[in-house]
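Okay, so here's the structure we're looking at.
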Amino acid sequence: MSLQSNLRDVERDLSDVGRRQLPFAASVALNNTAGDVHKNETRRLSKVFDRPTPFTRKAYAIRRSTKRRLEARVFVKPIQARYLKKQEEGGTRQAPRRAIVVPQKVRVNKYGNLPKGAVKRNLANPKVFSGKPNGSARGAGIYKRQGKKLVKLMSYIPRARYEARLSFRRSAAKTAGHRFPVHLERALIKAFATRRR
């Protein structure tokens with residue numbers, strides 16, 4: 001979102017002394033606003049997602065403003081952006097290889113995900129196999145033989161469909177719109193109070 005027009009309006013109402021203080025005050029206000037956006041959006045991740053991992057909770061980063069470059073950014077780090085993009089925009093994720101593995105009746109970690117190496121560990125059990133059971137309408141996956149029963153531990157799906165639910169852009173813009181004027185006013189007051197006479 002652009003805050004340039006807001007700064008022009010403020011600049012018109014300032015004295016010559018105030019205009020000299022504006023770049024510093026605006027930079028401080030932009031960085032404080034970015035800090036608010038970062039904090040709020042990080043907090044929102046735990047509301048949008050069920051038990052997000054620490055890696056996901058560290059998805060956002062800040063590029064800070066300077067007096068010469070009056071722009072502050074809150075952005076998603078590249079690795080997290082690969083999977084959070086679908087949560088922001090919606091859409092379909094194709095399986096990177098053969099299929100996406102979805103847990104069914106198998107232990108997951110505290111974040112609700114398959115632990116690392118879970119597929120390999122389960123397939124090491126002679127009672128467990130991968131594929132589609134003969135003569136069954138059940139889909140492909142990883143199955144365990146329990147007596148005469150077959151228990152589906154994990155399912156294979158070719159693609160996953162995501163609804164747009166993160167709303168990072170909308171929420172961040174709302175926070176920035178509310179907080180920037182407050183931070184700018186405070187920064188200007190402080191700049192005037194501490195300026196060299």
Side-chain angles (χ1 to χ4, degrees), residues 1-2 33-63 72-146 148-179:
M1 68 179 292
S2 172
T33 301
D36 287 344
V37 170
H38 184 277
K39 182 179 178 180
N40 288 348
E41 294 310 306
T42 299
R43 188 186 299 125
R44 282 187 67 247
L45 286 171
S46 294
K47 295 179 180 178
V48 174
F49 302 119
D50 177 28
R51 295 168 290 162
T53 65
F55 185 71
T56 296
R57 291 200 302 269
K58 293 176 183 174
Y60 301 125
I62 298 174
R63 184 185 179 197
R73 289 187 179 186
V74 180
F75 61 94
V76 184
K77 296 173 189 174
I79 296 176
Q80 289 93 326
R82 289 177 198 166
Y83 59 90
L84 287 178
K85 185 178 181 182
K86 294 297 183 189
Q87 303 290 346
E88 176 73 12
E89 300 173 356
T92 302
R93 177 169 71 96
Q94 293 292 135
R97 295 185 185 87
R98 291 183 177 180
I100 298 168
V101 182
V102 180
Q104 297 291 325
K105 294 197 174 178
V106 66
R107 183 174 292 179
V108 294
N109 62 23
K110 62 182 178 180
Y111 305 110
N113 302 323
L114 279 171
K116 189 175 181 180
V119 172
K120 192 174 181 180
R121 280 195 305 275
N122 276 277
L123 288 174
N125 185 334
K127 293 183 178 180
V128 175
F129 70 93
S130 173
K132 188 175 180 181
N134 292 331
S136 172
R138 298 164 80 180
I142 295 176
Y143 290 84
K144 184 176 182 179
R145 297 181 185 88
Q146 290 187 345
K148 294 183 179 180
K149 280 176 58 180
L150 278 180
V151 177
K152 194 173 192 180
L153 303 179
M154 306 171 212
S155 289
Y156 294 153
I157 59 172
R159 65 190 65 84
R161 175 76 187 167
Y162 297 91
E163 298 296 326
R165 58 176 179 154
L166 186 55
S167 300
F168 168 78
R169 292 186 185 94
R170 179 184 58 77
S171 177
K174 185 177 179 182
T175 299
H178 284 312
R179 297 303 298 162

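Just so we're clear, the structure is a prediction, and the values are computed from it rather than from any experiment.
Note that the CD atom of Q104 and the OH atom of Y143 stand 8.5 Å from one another [nearest 0.5 Å]. The line from NZ of K39 to OG1 of T175 is 11.5 Å long, rounded to the nearest 0.5 Å. The NE2 atom of H178 sits 12.0 Å away from atom CG of D36, with the distance rounded to the nearest 0.5 Å. Distance check: T92 OG1 to Y162 OH gives 9.5 Å after rounding to the nearest 0.5 Å. Here NZ of K86 is found 12.5 Å from CG of L84. Values are rounded to the nearest 0.5 Å. Interatomic distance, T53 OG1 to K58 NZ, rounded to the nearest 0.5 Å: 9.5 Å.
Using a distance-only test at 3.5 Å, with no hydrogens or angles considered, no donor-acceptor pair links the side chain of K152 to the main chain of K105. Within the 3.5 Å criterion, the main-chain N or O of F129 finds no donor-acceptor partner in the side chain of R145. Proximity of a side-chain donor or acceptor of R57 to a complementary backbone N or O of P52 within less than 3.5 Å is detected. Listed for the R138 side chain is no donor-acceptor partner under 3.5 Å among the backbone atoms of P133. Of the possible donor and acceptor atoms, one in the side chain of Q80 sits under 3.5 Å from a partner among the backbone N and O of F55. Under a 3.5 Å cut-off, the side chain of R44 and the backbone N or O of S171 do not form any donor-acceptor pair.
Using a 4.5 Å cut-off on side-chain heavy atoms (C-beta onward), R169 and E89 make contact. Looking at Y111 and T56, their side chains never come closer than 4.5 Å, going by heavy atoms from C-beta outward. Between V102 and L114 there is no side-chain heavy-atom pair separated by less than 4.5 Å. Within the 4.5 Å cutoff, the side chain of I62 has heavy atoms near those of the V74 side chain.
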Steps toward side chain to side chain contact (heavy atoms under 4.5 Å, CB included) verdict (Y60, V76): CA-CA 5 Å; Y60 301 125; V76 184; 3.5 Å; yes

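The minimum heavy-atom distance linking Y156 with A99 is given by the pair CB-CB, 3.7 Å. Residues N122 and M154 come closest through the heavy atom pair ND2-CE, 3.5 Å. Across R121 and P115, no two heavy atoms sit closer than the pair NH2-CB, 3.8 Å.
Taking R73 as the reference, E71 meet the side chain to side chain donor-acceptor pair (under 3.5 Å) condition, with sequence neighbours excluded.
In the displayed structure, K77 atom NZ is contacted under 6.0 Å by more than 12 heavy atoms of other residues, nucleotides or ligands.
At a threshold of 4.0 Å, the pair K85-E88 does not count as salt-bridged, since none of the basic side-chain nitrogens sits closer than that to a carboxylate oxygen.
Between V128 and the choices L123, V106, V119, the side chain to side chain contact (heavy atoms under 4.5 Å, CB included) rule is met once, by L123.
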